[in-house]
Amino acid sequence: MQIIEQKKAFQQALLSWYEAEKRDLPWRRTNNPYYIWISEVMLQQTRVDTVIPYYERFIEKFPTMQDLSEAKEEEILKMWEGLGYYSRVRNLQSGVREVVETYGGEVPNTREKISALKGVGPYTAGAILSIAYGVPEHAVDGNVMRVLSRILLIEEDIALPRNRKIFEQAVMELISEEDASSFNQALMELGAVICTPNPRCLLCPVRDFCIAFEEGKQQQLPIKLKKQKKKYVSLAAFAIQNEEGKWLLQKRPGTGLLAGLWEFPMVELQELDAVETFEKDTGLKLKKVTELTRFSHLFSHITWDIHAYRAQLEDVTSKEPLNFYTKEQIEALPKSKPVMKIIESIDW
DNA sequence: GAGCCGTGGTA
DNA sequence: TTACCAAGGCT
């Protein structure tokens with residue numbers, strides 16, 4: 001394989017470009033393994049521009065692992081509000097607690113130990129090891145698979161998990177032992193700004209090493225076959241006020257979609273009328289029902305069609321205790337995007 | 001291994 | 001508007 005023979009030249013071209021062109025990102029100004037860890041978790045399936053303000057606020061609120069360890073779930077969810085994939089922050093806290101308790105507050109520096117931490121998979125383990133500690137370990141994400149599939153003309157389906165090891169082995173062949181941190185970040189940076197899905201090959205620092213470019217196949221790579229079908233769910237949400245003007249809110253279950261976030265009571269609609277379905281499902285009686293808004297919210301795998309209503313309770317005596325909150329209290333609770341959209345439609 | 005788990009940007 | 005994407009991991 002010709003690129004292996006030119007390994008040193010490839011490394012130099014890539015690293016020189018990275019040193020000259022790399023973006024000035026907050027987490028590139030530190031080697032603190034805890035901060036690198038936070039950034040890597042936030043960056044999972046999430047764009048750099050989105051992450052930056054969350055990262056800044058998070059390390060300001062929880063500057064040390066001790067601080068994060070002692071935080072309440074409500075606090076950490078609030079700091080994650082709007083970022084998505086909320087289990088990430090619970091797993092992060094769980095992993096940090098384990099480091100504090102088991103490793104004396106020192107993030108371990110071997111793949112085996114660090115991979116055992118909650119929320120740390122093969123990519124994040126390699127990223128922390130190489131970026132924070134300089135360990136020459138692979139950190140294969142979507143960028144790296146796209147970049148290497150082109151440079152090495154790897155035509156295996158990157159949607160299949162078992163093909164990851166092809167790319168991990170390739171990185172271990174090519175990685176710079178002297179600067180594993182910059183090498184791994186450079187591959188990702190290249191994928192983020194040059195070797196994008198629509199590649200800008202004329203600006204590429206390693207064009208001369210790219211087999212796909214040589215053969216004009218860069219647009220056809222990477223091969224990604226799997227595509228998911230979406231589910232559609234129709235929901236009715238009710239913003240219900242009591243006599244004091246407070247609003248009925250409930251917390252979602254601790255696992256699953258939008259786990260632990262707060263929302264107005266919702267029911268899934270089949271054929272029945274929204275009010276009828278709600279009263280049947282909850283045992284509550286509504287009055288003064290008016291329509292608030294209707295919109296769709298797209299998740300990665302589900303589409304919610306939400307009908308939102310404003311209402312009051314006909315019968316305040318309920319078997320279960322109902323919790324009502326003021327506008328100020330609601331603003332302080334962690335909420336999902338759909339809920340925030342409903343709130344925006346309310347004429348307070 | 002396939003499905004689940006958010007959100008915002010982009011063509 | 002639709003579809004796909006973006007520094008993945010868990011079950």
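Here is how names work: the chains are called A, B, and so on, in the same order as the sequence lines, proteins then strands, and each is numbered from 1.
- The existence of a salt bridge linking A:Asp24 and A:Arg29 is confirmed by a sub-4.0 Å separation between a basic side-chain nitrogen and an acidic carboxylate oxygen.
- If you look at A:Trp348 and A:Trp247, their ring centroids are closer than 6.0 Å.
- Residue A:His297 has a polar side-chain atom (N or O) positioned under 4.0 Å from OP1 or OP2 of B:dT7.
- The CE-C1' distance, from A:Met42 to B:dC5, rounds to 17 Å in whole Å.
- Rounded to whole angstrom, the span from the CZ atom of A:Arg90 across to the P atom of B:dC5 amounts to 12 Å.
- Remark: A:Arg207 is not positioned above the aromatic ring of A:Phe209, lacking an NZ or CZ atom under 6.0 angstrom from the ring centre and at most 45 degrees off the axis.
- Summarising the geometry, the separation between CH2 on A:Trp37 and P on C:dG8 is reported as 18 Å, rounded to the nearest angstrom.
- Proximity of A:Lys118 to the phosphate of C:dC10: no side-chain N or O atom is located under 4.0 Å from OP1 or OP2.
- Between the base of B:dG9 and the side chain of A:Thr50 there is no donor-acceptor pair shorter than 3.5 Å.
- For the P atoms, the distance linking B:dG8 with C:dG9 amounts to 22 Å, nearest Å.
- Contact annotation: A:Arg146 reaches the phosphate of C:dA6 (side-chain N/O to OP1 or OP2, under 4.0 Å).
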TODO: Can you run through DNA chain C from 5' to 3' and write each base as (, ), [, ], | or . depending on how it pairs? Watson-Crick or G-U wobble, both distances under 3.5 Å.
DONE: .|||||.||||
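- Counting to the nearest Å, the C1' atom of B:dG3 and the CD1 atom of A:Ile302 are 10 Å from each other.
- Taking for each of A:Asn91 and A:Met188 the nucleotide of DNA chain C with the nearest heavy atom, the 5'-most of the two is the partner of A:Met188.
- The distance between atom CZ of A:Arg47 and atom P of C:dC4, rounded to the nearest whole Å, is 15 Å.
- Note on A:Ser87: every side-chain N or O is 4.0 Å or more away from OP1 and OP2 of C:dG9.
- Using bins of under 30°, 30° to 60° and over 60° for the plane-to-plane angle, the ring pair A:Phe278/A:Phe238 lands in the tilted bin.
- Of the candidates A:Arg90, A:Lys335, A:Lys251, A:Lys251 is the only one forming a salt bridge (Lys or Arg N to Asp or Glu O under 4.0 Å) with A:Glu74.
- Summary of the strand contacts: A:Gly82 and A:Ala159 both lie near DNA chain B, and taking for each the nucleotide with the nearest heavy atom, the more 5' one is attributed to A:Ala159.
- Ionic pairing of A:Arg164 and A:Glu168 is present here: one or more N-O contacts between side-chain nitrogen and carboxylate oxygen are shorter than 4.0 angstrom.
- C:dG8 atom P lies 15 Å from atom NE2 of A:His138, rounded to whole Å.
- At B:dG1, one or more side-chain N or O atoms of A:Arg162 fall inside 4.0 Å of OP1 or OP2 (strictly under the cut-off).
- In this model, the phosphate group of B:dT7 is approached by a side-chain N or O of A:Tyr86 to a distance below 4.0 Å at OP1 or OP2.
- Between B:dG1 and C:dA6, the distance separating the two P atoms is 23 Å to the nearest Å.
- Across the protein-nucleic acid pair, A:Leu43 atom CG and C:dC5 atom C1' stand 15 Å apart, rounded to whole Å.
- A cation-pi arrangement, defined by a distance under 6.0 Å to the six-membered ring centre and an angle within 45 degrees of its axis, is present between A:Lys341 and A:Phe295.
- At a threshold of 4.0 angstrom between heavy atoms, the contacts of A:Thr124 are confined to the sugar-phosphate backbone, with no base atom among them.
- Nearest nucleotide to the A:Lys224 side chain, out of C:dC5, C:dG9, B:dT7: C:dC5.
- Rounded to whole Å, the separation between the P atoms of B:dG3 and C:dC4 comes to 15 Å.
- Between A:Glu81 atom CD and B:dT7 atom C1' there is a gap of 13 Å when expressed in whole angstrom units.
- Ionic pairing of A:Arg57 and A:Glu60 is not present here: no N-O contact between side-chain nitrogen and carboxylate oxygen is shorter than 4.0 angstrom.
- For the pair A:Asn198 and A:Gly256, nearest-nucleotide mapping onto DNA chain B gives the more 5' position to A:Gly256.
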